[in-house]
Chemist: 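Let me begin by handing over the structure; questions about it come next.
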Amino acid sequence: MIVLGIETSCDETGVALHCSERGLLAQALHSQIAMHQRYGGVVPELASRDHIRRVLPLARQVLDEAGLGLSDLNAVAYTAGPGLAGALLVGAGVGASLAWALGVPAIGVHHLEGHLLSPLLAVDPPAFPFVALLVSGGHTQLMDVQGVGRYELLGDTLDDAAGEAFDKSAKLLGLGYPGGPAIAKLAESGRPGRYELPRPMLRSGDLDFSFSGLKTAVLTLVRRELDEGAGSGNPETRDPRQVRADIAAEVQAAITDVLVAKSVKALQHAGRETLVVAGGVSANRRLRERLAAEQERRRFRVHFPELALCSDNGAMIAFAGALRLAALKERGELAGLKPPEGF
Ligand code: KG4
Ligand code: ZN
């Protein structure tokens with residue numbers, strides 16, 4: 001079974017082909033980061049228009065690369081949500097109409113399910129059941145995963161997502177978009193601990209998160225150390241570049257400390273020995289290192305998607321679509337996915 005996957009939920013146009021026997025056949029990605037950078041964030045209207053321009057040429061590209069034609073497709077999967085409405089409409093419109101024209105099933109995939117299953121594309125994939133930590137620009141969730149489509153929400157963010165906390169803190173530090181990679185880079189020359197930021201909800205007793213207070217604390221710190229305090233004290237420690245780097249390192253430490261502690265707690269709560277981390281923030285090196293250290297100490301195994309699959313991409317949508325297709329086929333429910341007669 002060959003599935004074409006289309007991702008257009010935000011600022012990446014991703015298209016890929018997945019084969020149930022041979023795995024990923026081809027994938028192509030166009031990032032809009034350069035286009036949105038001057039605005040300091042994603043401009044939804046520009047995003048939708050760019051997806052329209054890119055999606056069909058990228059689909060043609062992956063088919064050519066795999067040496068396949070449209071008639072070889074057994075299904076088309078597209079990101080159905082969540083995401084920017086106009087951007088999603090592009091992928092859904094193209095995906096559903098392509099499927100209808102070819103007479104194959106159209107599979108609307110939940111964006112987070114795509115992220116959640118992406119570590120299973122690895123050479124040494126994790127086995128079910130596992131706990132998943134989903135950390136992206138819009139979500140921070142802990143999930144008990146028993147199988148494809150069998151997910152139980154263990155914890156969620158009450159306000160900002162982890163990626164959003166990175167992005168908003170980066171903005172306060174005068175760094176570009178997207179903020180996560182910018183903070184991570186600056187943090188390399190910084191010292192966590194020089195400034196003290198809160199670890200929100202660390203001792204809340206549940207598996208929920210809250211990051212909006214962190215943003216306020218960063219704002220206060222930036223005002224004190226960069227806006228008002230610049231110029232006083234030891235010239236070396238007052239160097240604005242060093243101050244920025246030290247704040248970035250503490251922001252990264254605060255966010256990752258909470259993510260690590262809650263993930264460990266979720267593993268204990270669900271009685272699982274495998275942790276899967278996915279979503280844009282799973283690319284963060286400090287998060288990876290901290291979890292790798294914890295797995296040694298606490299005897300669980302942690303799996304990440306390969307770096308190229310951490311942020312949004314078509315491969316995870318094609319793969320999630322393929323797994324959904326296989327599950328439906330097994331249950332004899334495939335007919336339910338066909339576009340209705342006369343649609
Ligand atoms: O999954 P994703 O590409 O898009 C959404 O579904 O939201 O995640 C994007 C988020 C952004 O907030 C970005 O700043 C963050 O992931 N991110 C990172 C890193 N790379 C991307 N955060 C921390 N460290 C990184 N290396
Ligand atoms: Zn995403």
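Just follow the structure's listing: the first ligand is 1, and inside any ligand the first atom is 1.
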Chemist: Check Asp312 and report its N/O/S atom nearest to the Zn ion (ligand 2), by atom name.
Modeler: OD1
Chemist: Taking only heavy atoms of Ser311 into account, list the atoms of ligand 1 that are under 4.0 Å away from them.
Modeler: 3 (O)
Chemist: With under 30° as parallel and over 60° as perpendicular, where do the rings of Phe209 and Phe211 fit, or are they tilted in between?
Modeler: parallel
Chemist: Quick one: look up the protein heavy atom nearest atom 15 (C) of ligand 1 and list residue, atom name and how far away it is.
Modeler: Val281 CG2, 3.9 Å
Chemist: With the Zn ion (ligand 2) at the apex, how many degrees lie between NE2 of His111 and NE2 of His115, rounded to 10 degrees?
Modeler: 100°
Chemist: Hey, are Arg54 and Asp50 close enough for a salt bridge, meaning a charged N less than 4.0 Å from a carboxylate O?
Modeler: yes
Chemist: Measure the distances from the heavy atoms of Pro181 to every atom of ligand 1 and state whether one is below 4.0 angstrom.
Modeler: yes
Chemist: Could you pull out, from Thr79, Asp167, Val251, the option with a heavy atom nearest to atom 14 (O) of ligand 1?
Modeler: Asp167
Chemist: Show which atoms of ligand 1 fall inside a sub-4.0 Å distance from at least one heavy-atom site of Gly163.
Modeler: 12 (O)
Chemist: State plainly whether the residues Lys215 and Asp159 are in salt-bridge range, i.e. N to O under 4.0 Å.
Modeler: no
Chemist: Are Arg150 and Asp144 close enough for a salt bridge, meaning some N to O gap below 4.0 Å?
Modeler: no
Chemist: Of the protein's non-hydrogen atoms, which lies at the shortest distance from atom 2 (P) of ligand 1, and what is that distance?
Modeler: Asp312 OD1, 3.4 Å
Chemist: Which residue and atom name correspond to the protein heavy atom nearest atom 6 (O) of ligand 1, and how close is it?
Modeler: His111 NE2, 3.1 Å
Chemist: Could you find the nearest protein heavy atom to atom 24 (N) of ligand 1 and give me its residue, atom name and distance?
Modeler: Asn284 ND2, 3.0 Å
Chemist: Regarding His111 and Asp312, do their side chains bring together a donor and an acceptor under 3.5 Å, going by distance alone?
Modeler: yes
Chemist: With heavy atoms of Gly138 as the reference, note each atom of ligand 1 found under 4.0 Å away.
Modeler: 7 (O)
Chemist: Kindly confirm or rule out a cation-pi arrangement of Arg288 over Phe304, judged by NZ or CZ under 6.0 Å from the six-membered ring centre and within 45° of its axis?
Modeler: yes
Chemist: Is Arg297 salt-bridged to Glu294, going by a charged N under 4.0 Å from an acidic O?
Modeler: yes
Chemist: Determine whether the side chain, the backbone, both or neither of His115 has a heavy atom under 4.0 Å from any heavy atom of ligand 1.
Modeler: side chain
Chemist: Is the Zn ion (ligand 2) under 2.8 Å from any N, O or S atom of Cys10?
Modeler: no
Chemist: Does the distance from a Lys or Arg side-chain N to an Asp or Glu carboxylate O, for Lys262 and Asp206, drop under 4.0 Å?
Modeler: yes
Chemist: When you measure from atom 18 (C) of ligand 1 to every protein heavy atom, which one gives the shortest distance, and what is it?
Modeler: Gly180 CA, 3.5 Å
Chemist: How far is atom 21 (C) of ligand 1 from the closest protein heavy atom, and which atom is that?
Modeler: Gly280 O, 3.4 Å
Chemist: Going by distance alone, is a donor N or O of one side chain under 3.5 Å from an acceptor N or O of the other, for Gln27 and His18?
Modeler: no
Chemist: Is a donor from one side chain sitting under 3.5 angstrom from an acceptor on the other, for Asn284 and Gln252?
Modeler: yes
Chemist: Just to confirm my output: which protein heavy-atom neighbour is closest to atom 10 (C) of ligand 1, and how far is it?
Modeler: Gly137 N, 3.5 Å
